[in-house]
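Computation of the quantities below employed the complete heavy-atom set of this structure, encompassing side-chain atoms and omitting hydrogens, waters and symmetry-equivalent molecules. It should be emphasised that the depicted structure is a prediction, and the values quoted were computed from it without experimental measurement.
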Amino acid sequence: MLKGIILKIPSDDTIVETIQTFVENIGLTAGVAEEDVTSLSIAVMEVVKNAMEHGNGGDPKKLVTIYIDVYSGRLQFIVDDCGTWQPDSELGHEPEEGKALISSRGRGVLIARNLARWLDYGLNPEGKTRATLIWPLT
Amino acid sequence: MLKGIILKIPSDDTIVETIQTFVENIGLTAGVAEEDVTSLSIAVMEVVKNAMEHGNGGDPKKLVTIYIDVYSGRLQFIVDDCGTWQPDSELGHEPEEGKALISSRGRGVLIARNLARWLDYGLNPEGKTRATLIWPLT
Amino acid sequence: MKIKQEIKDGVMVIRLSGKVISGPDLMELKTVFQTAVNNEKGNVLLDLGHVAWMDSSGLGVLVSGHTSLTREGSRMAILNATKKIHELFIITKLITIFETFTDESEALTSLKE
Amino acid sequence: MKIKQEIKDGVMVIRLSGKVISGPDLMELKTVFQTAVNNEKGNVLLDLGHVAWMDSSGLGVLVSGHTSLTREGSRMAILNATKKIHELFIITKLITIFETFTDESEALTSLKE
Ligand SMILES: Nc1ncnc2c1ncn2[C@@H]1O[C@H](COP(=O)(O)OP(=O)(O)O)[C@@H](O)[C@H]1O
Ligand SMILES: Nc1ncnc2c1ncn2[C@@H]1O[C@H](COP(=O)(O)OP(=O)(O)O)[C@@H](O)[C@H]1O
């Protein structure tokens, strides 16, 4: 089983597609069904793009670290950035009505959480933002 | 420019294809011509497979670390494993005649060096095997 | 992502296929919407029948397009969203602002006015 | 990698396409060579015209196949190696042990006897 994969990447838009493909292939290797790997990769990339943009302010010198592990029955992605953001409560479940609804932003976390079913934010041992996303394997 | 990418992977055959695709995509992003990216990825993967097999003895708990950096005019891959192997001299340039020639093994380094033009082995600061492969960008 | 445009019964039909996700292609889609807005006279039918995947950036472009068109007094409707995309609209509640159709001629009749 | 086999003028022609690199497909190629060896009576023509890439593992399987066939008194020749693959044969000096052809009927004439 795949265990211990660690990927560190600069906060650089040009690498996003490469990482998305990488996540899809990891998914296939881990046994995610072919028709589900893009959903998986979209979920993970919503989180990774937020880490690059909001956590690291788009500074290419700041890295995003992705830890990938396969456990029995689940594929786990941990995404660390250099920020210290930690949402007070589960965010993203309830998009507001009215103005917020027609914003062109603000749906990344929501989409990731809905696709992956499990997405949690917290701080890593160094006190930096850590997102944990779990994809069930059947 | 892509700088600071670090990828740690278990010494596990099942992940080789995923990494090869990843290297191809990194190559494309860094500006390697479309018709050259597979040569690049074959060169890098010969080195990575040796690190998994010879450096780490195929033990999936032992990781191979790949550092990827784009500098002006070149794309650099550093591949570290957990072994302490260091060839005395440039190996792989001259396959022997006779028996060695018809061996089914022993061409990986040779191929990597010829495709990449630059491949060097040495030890990293921790005294472990480090391969440095450079691909020129034009 | 591929973008095809045609005028049908006076409606601008924009057909997307492939992945509508962050990347250089999305800029192109933005421009297409901008052109439709500047065009002034037309409603827009967005055919998503061959779009398999969309991320938040793709949705963002659709929402901006919708908003700009509405501001100009035009309408934008969506045709043939796949099950996955439809679910995305539900998750994000965008289903409440997007008009959707599953039949092209019906959509055109409604939009041509 | 795709593998196609046919018997032509009594020669077993094996046509490969795609990437001949490490992975599960290589095992299949090994089996094909093994079958050719057990077959006993045939020379082998290996068509690499549609092979774009090969790595050291792919080369290893070719060399093993060649060695086993030679041991049985058969010959193996290579047809239509692309420029890249031909260079690989030169780099690895395998060019000195592989018979190569660029014309199929010429190769078959030489191998059928
Ligand atoms: N890694 C992160 N670091 C800091 N803030 C974050 C991070 N991820 C998400 N956020 C916050 O959550 C908000 C919602 O994120 P998201 O739903 O992806 O929408 P968007 O990125 O379009 O704003 C962001 O605007 C940001 O304020
Ligand atoms: N990372 C490594 N650690 C230890 N030994 C290595 C490493 N890379 C290469 N070698 C040695 O160099 C030899 C030649 O490698 P190579 O040309 O790839 O052929 P093969 O892997 O088929 O033996 C290997 O057999 C091994 O002894």
Side-chain angles (χ1 to χ4, degrees), chain A residues 1-32 34 37-38 40-41 44-45 48 51-52 55-72 75-82 135 137, chain B residues 1-32 34 37-38 40-41 44-45 48 51-52 55-72 75-82 135 137:
Chain A
M1 275 292 93
L2 299 175
K3 221 171 227 100
I5 300 173
I6 303 176
L7 176 60
K8 285 178 191 280
I9 49 173
S11 300
D12 182 335
D13 268 355
T14 59
I15 208 182
V16 165
E17 264 184 87
T18 296
I19 306 304
Q20 177 148 18
T21 309
F22 179 74
V23 170
E24 288 181 5
N25 286 327
I26 290 285
L28 287 175
T29 308
V32 175
E34 192 132 356
V37 283
T38 309
L40 166 67
S41 72
V44 173
M45 293 318 289
V48 170
M52 287 182 173
N56 291 348
D59 179 352
K61 281 195 215 76
K62 293 189 175 163
L63 301 182
V64 171
T65 305
I66 309 173
Y67 300 85
I68 307 173
D69 289 284
V70 176
Y71 297 102
S72 93
L75 173 56
Q76 176 183 288
F77 292 82
I78 291 179
V79 179
D80 286 4
D81 59 47
C82 308
W135 195 269
L137 299 171
Chain B
M1 276 290 91
L2 299 175
K3 220 171 226 102
I5 300 172
I6 303 175
L7 177 59
K8 285 178 192 280
I9 49 175
S11 300
D12 181 335
D13 269 356
T14 58
I15 206 181
V16 165
E17 265 185 87
T18 295
I19 307 303
Q20 178 149 15
T21 308
F22 179 73
V23 170
E24 288 182 5
N25 286 327
I26 289 284
L28 286 175
T29 308
V32 174
E34 192 133 356
V37 284
T38 309
L40 165 67
S41 71
V44 173
M45 294 318 291
V48 170
M52 287 181 173
N56 292 348
D59 178 353
K61 280 196 216 76
K62 293 188 176 167
L63 302 182
V64 171
T65 305
I66 310 175
Y67 300 85
I68 308 174
D69 290 283
V70 175
Y71 297 103
S72 92
L75 174 57
Q76 176 183 287
F77 293 81
I78 290 180
V79 179
D80 286 4
D81 60 46
C82 307
W135 195 269
L137 299 171

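Residues P10(A) and I5(B) share a closest heavy-atom pair of CD-CG1, 3.5 Å.
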Could you walk me through whether T21(B) and F22(A) pass the side chain to side chain contact (heavy atoms under 4.5 Å, CB included) check?
CA-CA 8 Å; T21(B) 308; F22(A) 179 74; over 6 Å; no
Where do I15(A) and T29(B) land on the side chain to side chain contact (heavy atoms under 4.5 Å, CB included) test, with the steps shown first?
CA-CA 7 Å; I15(A) 208 182; T29(B) 308; 5.5 Å; no
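Chain B forms more heavy-atom pairs under 4.5 Å with one residue of T14(A), I26(A), I68(A), L7(A) than with any other, namely L7(A).
The structure places OG1 of T65(B) at 10.5 Å from NZ of K8(A), a figure rounded to the nearest 0.5 Å.
Counted within 6.0 Å of CD on Q76(B), heavy atoms from surrounding residues, nucleotides or ligands total more than 12; the atom is thus considered enclosed.
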